[in-house]
Amino acid sequence: MARSVWKHSVNRSSTPDEDEKDELTLREIINVKLAESGEKESLMELVRDRLVESGWKDEMKIACREHVKKKGRKDVTVDELIRVITPKGRASVPDAVKEELLNRIQNFIRSAAL
C-alpha cells in the first residue's frame with residue numbers, strides 16, 4: 001500500500017516507463033483522429049477496393065485454396081490458414097496501393113494539423 005502512495009508523490013519524478021504508459025504515441029493519436037473523423041473507414045474502403053481491383057484478393061483466395069488442397073480439408077484450421085497466408089498477403093500488397101494509402105494518411109495529418 002505504501003508503494004502506491006509514493007508512486008504518485010509530488011516529490012518524486014516519474015520514471016520513463018510510467019510516462020510512456022500515460023501518454024499516447026503519435027501513432028495512437030493519429031489512429032484516434034482517423035477513427036473520430038470517419039476517415040479510417042474511408043481508408044479501409046479504399047484499400048479493399050484497390051486490393052480487389054489489383055487482383056490481390058483473388059490471389060489470396062487461390063493461395064488459401066492451394067494450402068487447403070495440399071494439407072487436406074480436414075487437417076487445416078482457420079488459425080493455421082491465417083498464420084500461413086498473412087505473411088504472403090502482406091508482402092504481396094501492390095506498392096501503388098501502399099503509396100496511395102500513405103499519401104492519403106499524410107494529407108489527413110497535414111489537414112488535421114497533427
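Starting from 1, each residue takes its place in the sequence as its number. Quick caveat, the model's predicted, so the values are computed rather than measured.
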Might you point out which heavy atoms bring [X] and [Y] nearest each other, and give the distance in Å?
X    : Y   : value
R104 : L46 : NH1-CD2, 3.8 Å
G89  : W56 : O-NE1, 3.0 Å
I85  : M60 : CG2-SD, 4.0 Å
K71  : E80 : CE-OE2, 3.1 Å

Task: K98, NZ atom: more than 12 neighbouring heavy atoms under 6.0 Å - done: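 More than 12 within 6.0 Å, yes.
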
Is [Y] close to [X] at the side-chain level, that is, under 4.5 Å between some pair of heavy atoms?
X   : Y   : value
K33 : E39 : no
L81 : T77 : no
R50 : P94 : no
D79 : R83 : no

Nearest-0.5 Å distance that lies between atom [atom1] in [X] and atom [atom2] in [Y]:
X   : Y   : atom1 : atom2 : value
E41 : L34 : CD    : CG    : 11.5 Å
C64 : I82 : SG    : CD1   : 9.0 Å
L24 : I30 : CG    : CD1   : 11.5 Å

- [ ] Test E66 against K88 for salt bridge (Lys or Arg N to Asp or Glu O under 4.0 Å), laying out the working first.
- [x] CA-CA 13 Å; E66 287 175 352; K88 293 177 185 177; over 6 Å; no

TODO: For R110 and N107, test the side chains for any donor-to-acceptor distance below 3.5 angstrom and give the result as yes or no.
DONE: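 Yes.
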
Task: Hydrophobic cluster membership, I29 vs L102, 4.5 Å side-chain cutoff - done: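 Result: no, two separate clusters.
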
Open item on the list: Starting from I62, can I reach V78 by hopping between I/L/V/M/F/W/Y residues whose side chains sit under 4.5 Å apart?
Closed with: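 Shared cluster, no.
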
Open item on the list: Set out, in order, the CA-CA distance, both residues' side-chain angles and the distance that settles side-chain contact (heavy atoms from CB on, under 4.5 Å) for L101 and I105, then state yes or no.
Closed with: CA-CA 6 Å; L101 179 62; I105 293 170; 4.0 Å; yes

Task: Expected output: side-chain N103 to main-chain E99 donor-acceptor under 3.5 Å - done: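 Yes.
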
TODO: Report yes or no: does E45 contribute a side-chain atom to a donor-acceptor pair with the main-chain N or O of S42 at less than 3.5 Å?
DONE: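 Not a single qualifying donor-acceptor pair exists.
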
Task: Worked check of side-chain contact (heavy atoms from CB on, under 4.5 Å) between R48 and K57 - done: CA-CA 9 Å; R48 274 191 295 269; K57 184 177 177 184; over 6 Å; no

